[in-house]
Protein chains: 2
Amino acid sequence: MISDDAALDAAFLALADPVRRSIIARLSRGPATVNELAEPFEISKQAVSKHIQVLEQAELVTRTRDAQRRPVHLNPARLEALTSWIDQHRLVREEQFRSLDAVLETSAGQAAPKAKEEQ
Amino acid sequence: MISDDAALDAAFLALADPVRRSIIARLSRGPATVNELAEPFEISKQAVSKHIQVLEQAELVTRTRDAQRRPVHLNPARLEALTSWIDQHRLVREEQFRSLDAVLETSAGQAAPKAKEEQ
DNA sequence: TTGTTTATAAACCTTTCGGTTGATTAATAA
DNA sequence: TTATTAATCAACCGAAAGGTTTATAAACAA
């Protein structure tokens, strides 16, 4: 389970690009080589290679070796770590919106409580 | 449920920053004003205001009005949309990694010559 | 009215991102 | 050996991100 800032930065940033998300979607059906992954896109193979490096650095994918090929594999554990982070902050209290004024009144009373940071 | 590329870009990008994730974490405990949200950080309030705009544009948060204040509220639905996207691509087959060569053999059948033999 | 609080806008700077092209490495095939 | 295939490296470019400071707007309090 990651909760490290830099690791979350890298992972969320990696998913913030349609090409990389598309690569993830492809890999969810099984491993693929760079050439295979590059084929659907109109950008250069080098650009796709860079995208894969971004995903790899975020540890969302791993790579193996098969002769000249460097097959790319999804790392489902990292994806799960992201849903885990999100779930921890998804706020259940549905009434929070309605009781806004009351909440503000209360929390503005004293100096704002030092945020506890994500964990 | 969002699946729109631009919306996903914006949402994942918004989470790819420790300040913005920290803001989300804070908001998961209830709404807050810009000043309250800015207090824990060493950056300027203007910078925090920009971060909030990024979150707002990604529709991860919404804003209301309370006199001079512009309270920020979490939008749990958007967060859920992200976990939903991830879950759709989280690949269950655990054996995928082991059967790499077989998979490559199959998918490379028409594109490449003879793949490597079993290890 | 004047002043204070809350927040944004505008201009600017530096770093990073996503893309390109051309050269290079590594493994394999002939 | 030479050629082919698979992929990366390196240098470069324009656009966007994240920060700053200064100035402005909007609501309220006196």
Side-chain angles (χ1 to χ4, degrees), chain A residues 5-6 9-23 31-58 61-73 100-101 104-105 107-109 111-112, chain B residues 5-6 9-23 31-39 41-58 61-73 100-101 104-105 107-117 119:
Chain A
D5 255 8
D9 284 359
F12 280 121
L13 185 64
L15 292 184
D17 179 282
V19 171
R20 290 193 293 260
R21 279 197 308 280
S22 187
I23 290 174
T33 67
V34 176
N35 275 332
E36 286 166 355
L37 291 171
E39 195 273 328
F41 302 107
E42 298 203 328
I43 60 177
S44 70
K45 201 179 62 167
Q46 288 93 325
V48 173
S49 187
K50 277 198 201 175
H51 280 301
I52 293 169
Q53 286 177 58
V54 171
L55 290 168
E56 190 180 15
Q57 216 222 320
V61 305
T62 56
R63 321 204 59 175
T64 50
R65 165 67 81 180
D66 172 63
Q68 309 107 303
R69 290 168 217 97
R70 310 289 317 278
V72 186
H73 308 255
L100 159 68
D101 295 80
L104 271 182
E105 194 94 22
S107 66
Chain B
D5 256 6
D9 284 0
F12 279 121
L13 184 65
L15 293 184
D17 179 281
V19 171
R20 289 192 295 259
R21 279 198 309 280
S22 189
I23 289 174
T33 66
V34 176
N35 276 332
E36 287 167 355
L37 291 171
E39 195 274 330
F41 302 108
E42 298 203 329
I43 59 177
S44 70
K45 203 179 60 168
Q46 288 90 330
V48 173
S49 187
K50 277 199 201 173
H51 279 302
I52 293 170
Q53 285 177 58
V54 170
L55 290 167
E56 190 179 15
Q57 218 221 320
V61 305
T62 57
R63 320 204 60 177
T64 51
R65 165 67 79 180
D66 172 63
Q68 311 106 301
R69 289 167 220 99
R70 310 291 314 280
V72 186
H73 308 255
L100 160 67
D101 294 81
L104 272 182
E105 188 103 22
S107 65
Q110 67 253 34
K114 204 91 280 123
K116 247 196 88 203
E117 70 283 348
Q119 55 173 352

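In the text below, chain A, chain B and the rest are named by the order of the sequence lines, each starting its count at 1.
Between the side chain of A:Arg20 and the backbone N or O of A:Ser22 there is no donor-acceptor pair closer than 3.5 Å. Using modelled atom types, one side-chain atom of A:Arg21 and one backbone atom of A:Leu15 make a donor-acceptor pair closer than 3.5 Å.
Distance, B:Asp9 CG to D:dA15 C1': 15 Å, rounded to whole Å. The nearest whole Å value for the distance from the CG atom in B:Leu37 to the P atom in C:dA7 is 9 Å. Computed from coordinates, the A:Phe41 CZ to C:dG18 P distance equals 13 Å when rounded to whole Å. What separates CG of A:Asp66 from C1' of D:dA7 is a distance of 13 Å, to the nearest Å. Taking atom CZ of B:Phe12 as the reference point, atom P of C:dC17 lies 18 Å away to the nearest angstrom. Following rounding to the nearest Å, B:Gln68 (CD) and C:dT8 (P) show an atom-to-atom distance of 13 Å. The CZ-P distance, from A:Arg70 to C:dT25, rounds to 16 Å in whole Å.
Note that the OG1 atom of B:Thr62 and the CG atom of B:Leu55 stand 11.0 Å from one another [nearest 0.5 Å].
For B:Gln53, the side-chain atoms get nearest to C:dA9 when compared with the rest of C:dA7, C:dA9, D:dA27.
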Which protein N or O atoms sit under 3.5 Å from an N or O of nucleotides 18-21 of chain D?
{"unit_1": "D:dG18", "atom_1": "OP1", "unit_2": "B:Arg20", "atom_2": "NH2", "d": "3.2"}
{"unit_1": "D:dG18", "atom_1": "OP2", "unit_2": "B:Arg20", "atom_2": "NH1", "d": "3.0"}
{"unit_1": "D:dG18", "atom_1": "OP2", "unit_2": "B:Arg20", "atom_2": "NH2", "d": "3.4"}
{"unit_1": "D:dG19", "atom_1": "OP2", "unit_2": "B:His51", "atom_2": "NE2", "d": "2.2"}
{"unit_1": "D:dG19", "atom_1": "N7", "unit_2": "B:Lys50", "atom_2": "NZ", "d": "3.2"}
{"unit_1": "D:dG19", "atom_1": "O6", "unit_2": "B:Lys50", "atom_2": "NZ", "d": "2.4"}
{"unit_1": "D:dT20", "atom_1": "OP2", "unit_2": "B:Ser44", "atom_2": "N", "d": "3.0"}
{"unit_1": "D:dT20", "atom_1": "OP2", "unit_2": "B:Ser44", "atom_2": "OG", "d": "2.8"}
{"unit_1": "D:dT20", "atom_1": "O4", "unit_2": "B:Lys50", "atom_2": "NZ", "d": "3.4"}

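When all heavy atoms are compared, the tightest approach of B:Ala58 to B:Ala14 is CB-CB, 3.9 Å. Between B:Val48 and B:Phe41 the shortest heavy-atom distance is CG2-CD1, 4.2 Å. Between B:Leu13 and A:Ala16, the shortest heavy-atom distance links the atoms N-CB, 3.3 Å. Scanning all heavy atoms of the two residues, the minimum distance from A:Arg63 to A:Arg70 falls at NH2-O, 2.8 Å.
Close to C:dA7, at under 4.0 Å from its OP1 or OP2, lies a side-chain N or O of B:Asn35. OP1 or OP2 of C:dT8 lies within a sub-4.0 Å distance of a side-chain N or O belonging to B:Ser49. Checking the phosphate oxygens (OP1, OP2) of C:dT8, a side-chain nitrogen or oxygen of B:Arg63 falls inside 4.0 Å.
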